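Here the structure is a predicted model, which is why all the values come from computation and not from measurement. Just follow the structure's listing: the first ligand is 1, and inside any ligand the first atom is 1.
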Amino acid sequence: MLIFVLNAGSSSLKYQLIHAQTAEVKASGLVERIGIDGILKHEIGENKKITFECPIPTHKEAINLILHTLTHAETKVIDSIKEIKAIGHRVAHGGEYFDKSVIVTPSVLRKMEELVPLAPLHNPANILGMQICQNLMPNTPNVAVFDTAFHQTMPEVHFLFPVPHEDYTEHYLRKYGFHGTSHYYVSQQAIKLLGNKRNTKIIVCHLGNGSSICAVKDGKSLNTTMGLTPLGGLMMGTRSGDIDAGVIPYLMDKKGMDTHQIIDYLNKKSGMLGVSGISSDLREIISAASEGDQRAQVTIDMMCNRIRKYLCAYSGLLGGADAICFTAGIGENSNLIREQVCANLEFMGIELDKEKNNLLLPLTREINKKSSKTKIFIIPTNEEFVIAQDTYNLIK
Ligand code: AMP
């Protein structure tokens with residue numbers, strides 16, 4: 001069954017047309033700069049890549065353009081949009097309402113509207129994507145897959161913030177966690193690699209532009225590093241991650257920033273970009289460090305230290321780990337970061353095999369020494385496949 005997977009952002013749309021049973025991706029792509037000028041990057045299979053530049057004033061034109069591209073001329077992969085049996089939407093925030101994926105109904109849309117204050121940058125775009133699809137394909141069901149849903153199993157002791165309790169009961173202030181679809185997929189793959197053993201203790205390190213770590217006990221999220229918003233936890237490409245809350249009024253005062261400006265600063269100008277002064281792209285920072293740039297080296301060391309802090313904390317929380325999994329752009333591709341993260345953790349039963357770690361293979365594999373008590377896996381994430389499967393399971 002063909003599922004159209006859509007990830008709608010404020011000025012961009014990522015999509016895949018995917019076969020839910022076989023995971024075959026018929027086409028995928030990205031529309032960027034919606035409302036500015038407009039660019040569509042479309043991929044068919046492994047080799048065919050096409051780029052169109054044309055005015056794309058709103059998300060409606062963007063989705064129309066994608067559907068046209070899928071069904072016309074040399075970019076065609078299906079004869080008609082009727083071949084699309086359902087649309088799976090990636091949704092940033094499901095609050096406490098949604099602990100699993102759901103078919104989109106008017107009441108689901110109303111609840112998502114209520115959640116906008118918790119995800120003001122992401123949820124409005126997700127809602128818009130759903131409304132446009134309902135308009136353009138009125139007979140095709142839409143499914144919402146929430147990035148927070150997997151973490152709804154976290155116990156109170158891990159999701160509450162140490163502030164007056166009424167902030168939780170009245171204002172829903174708590175840790176929600178994100179990257180849930182990825183943490184779910186990767187931990188499920190790890191459980192399979194562990195021979196489907198029961199009572200598993202797994203730590204998933206999703207390290208990309210956005211990064212988070214999740215402690216997964218018996219297949220369920222026990223704790224994770226992101227918080228009320230995706231700004232919490234690890235140091236990321238442009239996000240600071242955890243900082244002393246006192247930094248915020250201090251910087252606002254010193255730099256004359258308002259609330260919007262300080263949040264923008266911590267989300268878009270901090271993290272690896274802010275510390276290195278070079279880039280948010282780790283490859284450029286590694287390259288600068290190898291040429292002797294001290295700040296670039298400090299950036300790498302800071303990022304790895306913070307990953308190690310949580311790795312050790314979650315290992316303690318779980319009482320040791322059966323497996324540590326690395327995933328996403330950095331986790332899957334950077335042998336240097338994996339080596340630095342795992343260094344000197346033999347006392348915890350974590351022993352990396354450097355030769356296996358250094359092989360450049362984009363495949364699921366084990367990179368620990370035989371003697372290592374904890375397995376170390378590289379598992380490429382596949383969020384789109386989870387979205388397609390959830391969508392299929394709900395509508396079939
Ligand atoms: P993602 O958000 O999952 O696409 O990950 C993006 C991040 O992965 C960027 O910081 C990239 O620099 C990083 N990345 C991708 N490939 C490599 C690589 N071969 N070595 C180091 N970092 C990489």
Side-chain angles (χ1 to χ4, degrees), residues 5 7 9 12-16 25 28-32 41 43 49 90 92 121-122 147 178-187 189 204-214 224-226 230-241 267-291 293 295-304 306-307 325-343 352 354 356-365 367 377-387:
V5 173
N7 181 0
S12 69
L13 285 174
K14 262 170 105 174
Y15 62 93
Q16 267 194 16
V25 177
S28 63
L30 172 68
V31 183
E32 289 177 295
K41 293 174 187 159
E43 272 184 47
K49 293 186 183 172
R90 181 183 185 174
L121 296 178
H122 297 99
D147 230 18
F178 297 85
H179 290 145
T181 322
S182 176
H183 289 302
Y184 167 74
Y185 175 81
V186 173
S187 56
Q189 298 301 309
V204 180
C205 303
H206 178 114
L207 310 176
N209 249 328
S211 297
S212 67
I213 300 188
C214 184
T224 190
T225 54
M226 283 178 169
L231 183 54
L234 302 174
M235 171 173 161
M236 308 177 217
T238 60
R239 287 175 235 163
S240 63
N267 266 303
K268 297 187 184 155
K269 300 193 175 106
S270 301
M272 292 199 274
L273 172 67
V275 178
S276 71
I278 296 169
S279 169
S280 61
D281 190 310
L282 180 66
R283 284 165 291 200
E284 290 182 37
I285 297 168
I286 291 175
S287 155
S290 70
E291 285 161 18
D293 187 306
R295 254 170 78 191
Q297 189 56 53
V298 168
T299 307
I300 295 170
D301 296 346
M302 278 176 74
M303 187 186 71
C304 290
R306 280 153 193 252
I307 298 168
C325 311
F326 287 98
T327 194
I330 295 170
E332 290 166 33
N333 297 303
S334 180
N335 49 344
L336 183 133
I337 297 300
R338 291 190 302 258
E339 183 175 332
Q340 196 164 329
V341 165
C342 294
L352 185 79
K354 288 188 186 169
K356 289 183 189 164
N357 182 46
N358 287 342
L359 287 177
L360 299 176
L361 284 175
L363 298 173
T364 292
R365 61 205 165 92
I367 54 168
F377 297 131
I378 298 173
I379 302 179
T381 193
N382 195 346
E383 292 160 285
E384 288 79 9
F385 180 54
V386 176
I387 297 173

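Atom 21 (C) of ligand 1 has its nearest heavy-atom neighbour, among Ala328, Pro362, Ser334, in Ser334. Considering each of Arg283, Glu284, Met272, the one bringing a non-hydrogen atom nearest atom 23 (C) of ligand 1 is Arg283.
Tyr184 OH: 12 or fewer foreign heavy atoms inside a 6.0 Å radius. Within a 6.0 Å sphere centred on NZ of Lys356, heavy atoms belonging to other residues, nucleotides or ligands number more than 12.
Nearest protein heavy-atom contact of atom 10 (O) of ligand 1 is Leu282 N, 3.1 Å. Nearest protein neighbour of atom 18 (C) of ligand 1, counting heavy atoms only, is Asn333 CB, 3.5 Å. In terms of protein heavy atoms, atom 2 (O) of ligand 1 is closest to Asn209 N, 2.8 Å. Ranking protein heavy atoms by distance to atom 14 (N) of ligand 1, first place goes to Gly329 O, 3.7 Å. Among protein heavy atoms, the minimum distance from atom 12 (O) of ligand 1 is reached at Asp281 OD1, 2.4 Å. Among protein heavy atoms, the minimum distance from atom 7 (C) of ligand 1 is reached at Ile330 CG1, 3.8 Å.
Results of the side-chain contact (heavy atoms from CB on, under 4.5 Å) test with Arg239 over Asn209, Asn267, Leu234 single out Asn267 as the only residue that passes.
We find that Asp281 and Arg283 are joined by a salt bridge, their nearest charged nitrogen and carboxylate oxygen being less than 4.0 Å apart. Between Lys41 and Glu32 there is a salt bridge, with a side-chain nitrogen of the basic residue lying less than 4.0 Å from a carboxylate oxygen of the acidic one.
The aromatic rings of Phe385 and Tyr185 sit perpendicular, their planes meeting at an angle over 60°, well past the 30° parallel limit.
Near Gly208, meaning under 4.0 Å from any of its heavy atoms, are these atoms of ligand 1: 1 (P), 2 (O), 3 (O), 5 (O).
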Next item on the list: Could you walk me through whether Thr224 and His183 pass side chain to side chain contact (heavy atoms under 4.5 Å, CB included), step by step?
Entry: CA-CA 10 Å; Thr224 190; His183 289 302; 4.3 Å; yes
